[in-house]
Amino acid sequence: MQDKKLFKIYDAQQIENQASEKNVVDKFMAELGLELIWYKYLTSTGSRKPSSGADFAKIAKEKLPKQLYMNPIVQQYFGQKYQSCYALDDYVILAKKSS
């Protein structure tokens, strides 16, 4: 589940507060009729807080792998002026059906 979409559903801000984050994940699982077993937030930036475009561009340029095969296509057909990088900003959630 993408972090921005998950927090938007509950009109919540993503902050460096794991208790608040777990509350959002628990609400999501309850609505799906699932019991949370485990979850982990994976991010390319090392922070739960969203980065500004300029900050993310700096991190991407310095640390993230370039999309070597997609960049030429995106630049040619969509006029993108920068190099896209692979980034990760998602939750991995393990849950089971509630009893």
Side-chain angles (χ1 to χ4, degrees):
M1 175 66 148
Q2 290 184 335
D3 66 317
K4 290 167 191 62
K5 291 179 183 176
L6 178 62
F7 279 79
K8 187 176 184 178
I9 292 169
Y10 298 102
D11 197 28
Q13 295 289 325
Q14 190 172 22
I15 57 175
E16 293 289 340
N17 180 324
Q18 290 180 342
S20 173
E21 174 185 87
K22 186 173 183 307
N23 184 43
V24 170
V25 173
D26 284 334
K27 283 181 186 179
F28 182 57
M29 293 296 98
E31 284 190 29
L32 295 174
L34 299 172
E35 181 182 334
L36 178 66
I37 295 173
W38 173 88
Y39 82 95
K40 181 150 180 93
Y41 178 59
L42 305 173
T43 177
S44 298
T45 64
S47 174
R48 284 174 160 75
K49 293 169 64 172
S51 301
S52 71
D55 288 341
F56 182 77
K58 182 178 182 206
I59 291 168
K61 185 176 180 182
E62 293 173 359
K63 298 182 180 182
L64 302 179
K66 304 277 186 273
Q67 294 182 2
L68 299 177
Y69 301 104
M70 286 301 296
N71 273 321
I73 295 167
V74 173
Q75 289 171 348
Q76 179 180 353
Y77 292 104
F78 298 106
Q80 181 173 290
K81 303 289 185 216
Y82 59 90
Q83 293 280 316
S84 293
C85 297
Y86 289 105
L88 184 61
D89 203 18
D90 297 307
Y91 285 90
V92 176
I93 299 173
L94 177 63
K96 67 179 183 178
K97 230 176 180 182
S98 297
S99 325

> Which heavy-atom pair separates F28 from Y10 by the least distance, and what is that distance?
Replying inline: CA-OH, 3.0 Å
>> Using 0.5 Å steps for rounding, measure from the OG1 atom of T45 to the CG atom of D55.
In response: 10.0 Å
> So which heavy atom on A95 is nearest to which on M29, and how close?
Replying inline: CB-SD, 3.5 Å
> Are Q80 and N71 side-chain neighbours, meaning at least one heavy-atom pair lies under 4.5 Å?
Replying inline: yes
> CG of N23 to CD of Q18: how many Å apart, nearest 0.5 Å?
Replying inline: 13.5 Å
> W38 versus V92: any side-chain heavy-atom pair under 4.5 Å?
Replying inline: yes
>> If you define the side chain from C-beta out and look only at heavy atoms, does anything of Q83 sit under 4.5 Å from Q75?
In response: yes
> Are V74 and L64 grouped together when hydrophobic residues (ILVMFWY) are joined by side-chain heavy atoms under 4.5 angstrom apart?
Replying inline: no
> Which atom names give the shortest non-hydrogen contact between A60 and K66, and what distance separates them?
Replying inline: O-NZ, 4.2 Å
>> According to a hydrophobic-cluster definition based on side-chain heavy atoms being under 4.5 Å apart (Ile, Leu, Val, Met, Phe, Trp, Tyr only), do Y82 and L68 belong together?
In response: no
> Between E21 and Y39, is a side-chain hydrogen bond (donor to acceptor under 3.5 Å, both in side chains) present by the stated rule, with each step listed?
Replying inline: CA-CA 10 Å; E21 174 185 87; Y39 82 95; 2.8 Å; yes
>> I'd like to check K27 versus I9 (side-chain heavy atoms, cut-off strictly below 4.5 Å). Are they in contact?
In response: no
> Given the rule that I, L, V, M, F, W and Y join up when any side-chain heavy atoms are under 4.5 Å apart, are I59 and L88 in one cluster?
Replying inline: no
